[in-house]
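These notes concern the structure reproduced below.
Every chain is numbered from 1 and lettered A, B, ... according to where its sequence line falls, protein lines coming before strand lines.
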Amino acid sequence: MVIDLKRCIGCYSCQTACRQNNFTPRGVFWLKVLKSEYGKYPRVLRESLPFSCMQCRDPPCEKVCPTKATERDELTGIVIIHPDLCIGCKYCTVACPYGARTFVEKWKNYFPGQPLTPYEKYAREQWIEKRGEGKNTKCDFCAERVKNGLNPACVDLCPTKARYFGDLDDPESEVSRLIKTRRGFQLLPEYGTDPSVYYLPRR
Amino acid sequence: MSASEEVWIPTSCGGDYVYDAILVKKKGDVAVCIKGNEKSPMGYGRMCPKGQSGLMMLYDPSRVNYPLKRGNPMKGIGVDPKWQRISWEEALDIVTRKLKEVMERDPRAIFFQTTTTHTHEARVNFGSFRRAIGSPNWWVSGGAIHCGLGAHFAAGLYHSSWSLVPDFKYCNYALYWGVSKGHGAGHTSVPNMIQVADAKARGMKIVVFDPFLSAQASTGTEWIPIRAGTDGIVALAMLNILLNELEIYDGEYLKKKTNAPYLIKPDGFYMRDRKTNKPLIWDPVENKAKTFDDASIKDFSLLGTYEVDGIKCTPAFQLLKEHVRKYTPEKASEISTIPTKTIRRIAKEFGEEARIGSTITIDGKVLPYRPVASIFFRGSQGHRNSAWTCVSMELLNQIVGCADMPGGALGFPPTCFGHPETGQPYFVPTAAPDGLMIAGSWMYPHKPYPLNEPRRPESLMLKEMFPVEYYNPYTLLSDENEKLWEKAKLGYKPEILIAFGSNSIMTMANPKTIYENFLSKFKFVVAFEVYLTEFCDAVADIVLPDGSYLERLFPAAVMGIFNHPAGLGEWVWQIRQPVVKPLYERRDHMEVLLELADRLGIRDRFYKALQNAFTSQFGVKFPKRYSLDPAKRYTWEEICDRVLKSAFGPKRGLEWFKKNGFITWPKKVEEVYWRHFLDVRVPIYFEFFLDRREKAKKLAEELGMPDIIDWSRYTALPDWYPCQSHLEKSPEFDLYAIYYRHVLHTNSWTNQNTWLDELSHFDPYVYNIQINRDTAKKKGINDGDMIYVENVKGHKIKGRAKLVEGIHPEHIAIGGCGGHWTKGQPIALGKGVFFNELLEIGKEYMDPISFNQDICVKVKVYKA
């Protein structure tokens, strides 16, 4: 995945798309838009940085998992959690340098203190069926959508078309070309995990 | 439908007044997903976070589900209304009885209040019902404050449109004066977001004037911090630089598309032809005066003075050029705090980037190419000098000739020749006898030009007596209002208020003022609502559970001058339809209004008003076979079917649109860049103000209210005047408080959306008060401290300080309209900051031309 920071305006649409498509419970966002400010008035920059699981080629979360619940899919490069194998030990949460993982004890509803709405019943069912409870969870590039030939939801809904999804192994793909021509970079490369999410600089 | 069956229903979003094309997935009877509809120009499948959070509104346990009656006879802010559930029958019996009683006496005593979020439904559905009842009284919640009276005035006058955007496809350099366009708020928000990102990638520069580092400022090319309310004087200084220092202007455009060549007499009025009364121009080739539209004109003089019939006349352009000389960059710098050299540089860049004289060939047609735009809205226009500020910013477009030209500043499309098969919808600007433009389609009953002919007031706002017939917060809301109504001899007082989705206790100004001076005067209040609001709690007698935008039907969600994407591409006509049957006992308000019209015996008038509304706002004419017959009773579905068949023929009625959601057809170059092709002019000189001023002033004197507004503002050329906040010199009140629109919220109603609330907690700014770090430190305020913000009248608000660098040191910035206190909205309760508490009502806080309320407040800030 490539995220073009020149196009991104930090509108939180991707964060909402992720919630809507993955039914993450209240308090859990697999994808977050971080806002930061640099400099001193009047020379100031404000930046938005959307980030989620980096789908590393050499994922530390996979290495520390005692039950092999976390596995990098060789074909797609997506790092998957098998909920039936996950024992919720949270080693992976600690191991991830990007803070991309969230342990979910119980699916919490969106309207605190209220009975489940028809939508929440559906959302909870979907979550429990796919992710279970008492398990570690994270973004999987909407693996199900990708299997069906679709893009991850955050890519399709982004109002500024700031996200690109494709094959990094294909040097002629759009993502590879963008990384090459627009000085694409990875976050925290010093951890040596070789993330599959690249960013294009704003300027 | 079986529980496992899945369908996608095409409809229009309504989380904001954008009305994106959406598809809602239903599994069984439950709506489970909202995504964008890829084929519609209203977003091409993209969505903002508000729209994606729609299901949290649909299924919110706090929604109003049944008709409610006030159990506590006491009214007031903070009073527990003790709601009691009643039946629809009982509710409509009460409403009918009350309405009948007042209608028999004087229907004008019935006042309407509507939301801005669902503008089309407010204006067509409730507007037509109001006309059928026979009342001239209505306002829009937040109108005059959150909306843009000055901006609509200028955009209407110059572009026949509600607002304007850069021609994203070709524009290279855009000035953004306190405006979001493409950064998450406002009209056509998502289509603009796509376009602005493409434009930036292509290399378009955006220079943003804003007191704080907003979404557009932080992602634009350059942020120019500016003192709130001073944009107008900077624009005037830039005009001065362009006209008098650099001599950059598009003479050809000015001669043919504006009143710049019109000859002005020493008394300020046009020199007119004796026979035809048409304004005259000077033809320098034949050295004689001719009517502006004389076919024999060889050229137009823009400069100099000429003698006609023994009277010395000057072209309007020469007067403008001289007039702006007093707005030196130095003076503008002192007032705005923008360095003089920056003002000079931006003016030069704007003028040079305009590439005056260049052309572009589009679709075989050669057109002027002017890739610059001066774009304005909420922030810059929300001030006491609103109308002139907007005109000043717009004049930058006019003098370089970029208005509605390729690359320039485009209105939301005001020219439509209709679908190729039916020629409908049709709306095209035309020329008045003096050559100036009359809008083809407009949202108000009165078009932006010609101005209103002042007449004896009939409405509680007394708006008929003013040249610009917009909402006037002063005449309605001040403690003088009863005296004014008496002087105007209205002969009635407000008695019943009918509200549609608006929370005027929170959205107009200081709630106590609004309640005591105005809302408390009503004997009976009925609200069509989705949530119980502070307004319902304070004054409503009956609350009727409305369907939300995902449960309602409307045949014309998107079109024309209000929120249709500008520029080349496609036209789209899109409907809104219920994705689920209204839940519980909620009902689409239109079904209720149709039933009420029958009960009140005003069906014929309601039908007539509805047809007129679709014609004037959407350009749809009803052929005889689809006209509404008052002898018959139609359902709302049947009426929508007739609207659609009128516009798109017998095969494309409601059933077709329910299946397809929308229809598109290609825009023509002659529609998009209409100005080049149409013989209409716009004013760089406001001669018509002089005449209307005298008439309105005379009328005001006759009515015993000579000082009702400051008549000296009605001049022929634009000026800058300070806001009340600029005049406040007490050292204690040292900061300007402003509020801004945030991508996560629409007006006051999204605070109750649980997903948007959760997202708001992620955002460092929207629920907090942004204050410059150095300023805060001097006051002993640390990041995260609770602080009070207090105005000179002692009204104060509380919120959490967010210390930032990205804000002008003299300002604090507050996002949206937070700080709800009703128990009816438990998610919203206490979240965010309630800016409007700080807004006062008074002539000194209002633009005397457009009546826009000033929204910059001088405050003191201290630790709570």
**Report entry** chain A contact via B:Ala31 - which portion, at a heavy-atom distance below 4.5 Å
**Finding:** backbone

Report task. Would you give the length of the straight line joining atom CD of A:Gln126 to atom SG of B:Cys33, rounded to the nearest 0.5 angstrom? Result -> 10.0 Å

**Report entry** For A:Ala17 against B:Gln52, the heavy-atom pair lying closest together
**Finding:** CA-OE1, 2.9 Å

Report task. Examine A:Arg46 relative to B:Tyr765 and say whether NZ or CZ is less than 6.0 Å from the centre of the six-membered ring and inside a 45° cone about the ring axis. Result -> yes

Query raised in the report: If you round to the nearest 0.5 Å, how far is NZ of B:Lys27 from CD of A:Glu125?
Result: 8.5 Å

**Report entry** Shortest non-hydrogen separation from B:Leu55 to A:Gln20 and the atoms involved
**Finding:** CD1-OE1, 4.4 Å

Report task. Under 4.5 Å, counting heavy-atom pairs only, tell me which of A:Ser13, A:Gly113, A:Ala162, A:Pro42 racks up the most with chain B. Result -> A:Ser13

Query raised in the report: Out of curiosity, A:Tyr12 OH to B:Ser760 OG, how far, rounded to the nearest 0.5 Å?
Result: 8.0 Å

Report task. Measure centre to centre between the rings of B:Phe762 and A:Phe29, then say whether the value is under 6.0 Å. Result -> yes

**Report entry** Atom group of B:Val32 that falls short of 4.5 Å from chain A, counting heavy atoms
**Finding:** both

Query raised in the report: How many angstroms lie between CG in A:Leu45 and CG in B:Leu213, if you round to the nearest 0.5 Å?
Result: 8.0 Å

Query raised in the report: CD of B:Glu222: more than 12 outside heavy atoms within 6.0 angstrom?
Result: yes

**Report entry** Atom CZ of A:Phe111: over 12 foreign heavy atoms under 6.0 Å
**Finding:** yes

Report summary line: chain B shares the most heavy-atom pairs under 4.5 Å, among A:Gln114, A:Glu47, A:Arg203, A:Lys6, with A:Gln114

Query - Flag side-chain contact, heavy atom, 4.5 Å: A:Glu120 against B:Tyr59 - result: no

Requested in this report: State whether A:Arg43 and B:Glu805 are salt-bridged, where the test is any N-O pair (Lys NZ or Arg NE/NH1/NH2 against Asp/Glu carboxylate O) under 4.0 Å.
Outcome: no

Report summary line: For A:Tyr41 and B:Pro225, the nearest pair of non-hydrogen atoms, with its separation, is OH-CB, 3.3 Å

**Report entry** More than 12 heavy atoms of other groups within 6.0 Å of A:Lys40 NZ
**Finding:** yes

Requested in this report: Verify, without hydrogens or angle tests, whether B:Glu758 (side chain) and A:Arg26 (backbone) share a donor-acceptor contact under 3.5 angstrom.
Outcome: no

Requested in this report: Measure B:Ile827 against the heavy atoms of chain A and call it side chain, backbone, both or neither at under 4.5 Å.
Outcome: side chain

Query raised in the report: Can you say whether A:Tyr122 sits under 4.5 Å from chain B via the side chain, the backbone, both, or neither, judging by heavy atoms?
Result: side chain

Query - Contacting region of A:Lys121 [heavy-atom separation from chain B under 4.5 Å] - result: neither

Requested in this report: Give a yes or no on whether a salt bridge exists between B:Asp198 and A:Lys161, defined as a side-chain N under 4.0 angstrom from a carboxylate O.
Outcome: yes

Report task. Step by step, work out the side chain to side chain contact (heavy atoms under 4.5 Å, CB included) result for B:Ser53 and A:Thr16. Result -> CA-CA 7 Å; B:Ser53 304; A:Thr16 324; 3.5 Å; yes

Query raised in the report: Just wondering, more than 12 heavy atoms not from B:Lys39 lying within 6.0 Å of its NZ?
Result: no

Requested in this report: Apply the test side chain to side chain contact (heavy atoms under 4.5 Å, CB included) to residues A:Ile9 and B:Lys200: give CA-CA distance (whole Å), side-chain angles for both, the deciding distance (0.1 Å), then the verdict.
Outcome: CA-CA 11 Å; A:Ile9 57 165; B:Lys200 280 180 192 166; 4.1 Å; yes

Requested in this report: State whether the number of non-hydrogen atoms from other residues, nucleotides or ligands found under 6.0 Å of B:Arg202 atom CZ is greater than 12.
Outcome: yes

**Report entry** Residue pair B:Gly806 / A:Val44: nearest heavy atoms and the distance that separates them
**Finding:** N-CG1, 3.9 Å

**Report entry** Ionic contact status for A:Asp156 with B:Lys35, cut-off 4.0 Å
**Finding:** no

**Report entry** Which of B:Ile34, B:Asp757, B:Asp20 touches chain A most, by non-hydrogen pairs under 4.5 Å
**Finding:** B:Ile34

**Report entry** Region of B:Val196 in contact with chain A, defined by heavy-atom distances below 4.5 Å
**Finding:** neither

Report task. Check whether B:Asn192 gets within reach of chain A through its side chain, its backbone, both or neither, counting any heavy atom under 4.5 Å. Result -> neither

Query raised in the report: Of all of B:Leu759, B:Ile224, B:Val30, which one pairs up most often with chain A through heavy atoms under 4.5 Å apart?
Result: B:Leu759

Query raised in the report: So, for B:Arg46 and A:Cys158, which heavy atoms are closest and what is the spacing to 0.1 Å?
Result: CD-O, 2.6 Å

Report task. Sort out for me which of B:Leu744, B:Asp763, B:Leu756 touches chain A most, counting heavy-atom pairs under 4.5 Å. Result -> B:Asp763

Report task. Find the one option among A:Gly27, A:Cys8, A:Ala123, A:Ala153 whose heavy-atom pairs under 4.5 Å with chain B are most numerous. Result -> A:Gly27

Query - Engaged part of B:Asn772 at the chain A interface, taking heavy atoms whose separation is under 4.5 Å - result: side chain

Report summary line: When the 4.5 angstrom heavy-atom criterion is applied to B:His808 and chain A, the contacting part is both

**Report entry** Which portion of B:Thr775 sits near chain A, non-hydrogen atoms under 4.5 angstrom
**Finding:** neither

Query raised in the report: Would one find more than 12 heavy atoms of other residues, nucleotides or ligands at under 6.0 Å from atom NZ of B:Lys169?
Result: no

Query raised in the report: Do other residues, nucleotides or ligands put more than 12 heavy atoms under 6.0 Å from the NZ atom of A:Lys130?
Result: yes

**Report entry** A:Lys35, NZ: over 12 other non-hydrogen atoms inside 6.0 angstrom
**Finding:** yes

Report summary line: If you tally heavy-atom pairs under 4.5 Å between each of B:Gly184, B:Gly45, B:Pro61 and chain A, the highest tally belongs to B:Pro61

Report task. Search all heavy atoms of B:Pro49 against all heavy atoms of A:Cys11 and return the closest pair with its distance. Result -> CG-O, 3.0 Å

Requested in this report: Check whether any side-chain N or O of A:Thr160 sits under 3.5 Å from a backbone N or O of B:Met193 as a donor-acceptor pair, and report yes or no.
Outcome: no

